[in-house]
2 protein chains.
Amino acid sequence: MATPAGRSAPKTQEMLRFEHFLRGRKLKLTGERLAILAAVFGSGKHFDAETLHAELRSAGGDISRATVYRTLDLLVQSGLVRKNSLGANHANYEAALGNEHHDHLICLGCNRVIEFYRSDLESLQDAICSEHAFRPLHHSLQIFGVCAACKDTADEGRILERLAQIHT
Amino acid sequence: MATPAGRSAPKTQEMLRFEHFLRGRKLKLTGERLAILAAVFGSGKHFDAETLHAELRSAGGDISRATVYRTLDLLVQSGLVRKNSLGANHANYEAALGNEHHDHLICLGCNRVIEFYRSDLESLQDAICSEHAFRPLHHSLQIFGVCAACKDTADEGRILERLAQIHT
DNA sequence: TTTTTTGCAAATCGTTTGCACGCTG
DNA sequence: CAGCGTGCAAACGATTTGCAAAAAA
């Protein structure tokens, strides 16, 4: 565990932020939390708790599912991680550091998630909120459909079935 | 159950549509299904399975939760009902007949759900999809925040707590 | 040493399902 | 009367929680 005499390993942005967050709440920086943080920022963009748990396990660790959930929750609270649904019946997560807000196109053929950001969409939403004297704090836009890669190969039947199961 | 001699009770739009849907699938029109249909179209805009089940129960009926879920599923498939999430950890539903597509503003103070429709928002989404060669089939936009009525009274702490629990 | 964390297994919660009986077409 | 539909209770899958042991501050 220890770093070579007197030299600390380079701390990543996310580590610094997480430490700061934990300190602010008088919480402790444990090996498990660090391992999860590293896995989150090392893995692909979108993942779920189960996948993360599996990755940690195959990476040699032995962290319980409970700790994974508990830590993901902390990461979300700290703002380092975002929680999405993406139409699944389980939560999806994504690292939020160096990854500004965006919305999602979700392919029902291959499950690919395409991120997009459009300032005009954002301002249109703001305008709508104004009209309703509504103060927006958060929004979630998910567009489900078929991506370019699946356009020709996708089986319509299966697509529609998936569409029906969307939990959004 | 029977209607007075020779005169059938007026059938509502939704009954006709549901009957048609069921016939098309060789499914049966049962008393339970009719009762649920009536409750759905008689109740407020947004509701969940549990609430619906309770309403049916207090209305004298004795329909099992399983049947409620099974029937809601049929209603969704028939297009008579829409299933939403509204940020809750359980599904929400709304009657879809005579109720065109719209998106939602959800107040974290009082749970009020404000519906809105903006064609420019819709076409902007279409434009975004085109740019990505993505064929949209369905979308869900939910904006969480504080409505006009709660603007002054809402407790920020509670609001933020609610925000953190959003399962979207 | 004091306090927080962890792993475990049991508990929840919303929802689904297998089965034996009941009702519709 | 042949199929569907229903209620029940058990099964489910994702997530949460109580508790005693383990680790950080």
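Every chain is numbered from 1, with letters handed out A, B, ... down the list of sequences. Predicted model, so just to flag it, every value in this text is computed and none were measured.
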Residues A:His139 and B:Gln142: side-chain donor-acceptor under 3.5 angstrom: no
Polar contact flag, side-chain donor to acceptor under 3.5 angstrom, B:Asp48-B:Thr51: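 Yes, B:Thr51 and B:Asp48 have a side-chain donor paired with an acceptor closer than 3.5 Å.
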Name the closest nucleotide to the [X] side chain, picking from [options].
X: B:Ala66; options: D:dG5, C:dC8, D:dA9; answer: D:dA9
X: B:Arg33; options: D:dA25, C:dT15, D:dG5; answer: D:dG5
X: B:Tyr69; options: C:dA9, C:dT6, C:dT16; answer: C:dT16
X: A:Lys28; options: D:dA25, C:dA9, D:dT15; answer: D:dA25

Would the number of heavy atoms belonging to other residues, nucleotides or ligands and lying under 6.0 Å from CD of A:Glu131 be above 12? yes
So for atom CZ, which belongs to A:Arg112, do other residues, nucleotides or ligands contribute more than 12 heavy atoms lying within a distance under 6.0 Å?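 Result for CZ/A:Arg112: open.
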Positions of residues 49-63 of chain A (non-hydrogen atom under 4.0 Å from DNA chain D), listed by number: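 Hits under 4.0 Å, by residue number: none.
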Looking at B:Glu19 and B:Lys11, is any side-chain nitrogen of the basic one under 4.0 Å from a carboxylate oxygen of the acidic one?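 Between B:Glu19 and B:Lys11 there is a salt bridge, with a charged N closer than 4.0 Å to a carboxylate O.
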Relative to each other, are the rings of B:Phe21 and B:Phe18 parallel, tilted or perpendicular (30° and 60° limits)?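 Parallel.
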Nearest-nucleotide comparison on DNA chain C, the residue closer to the 5′ end among B:His90 and B:Arg70: B:His90
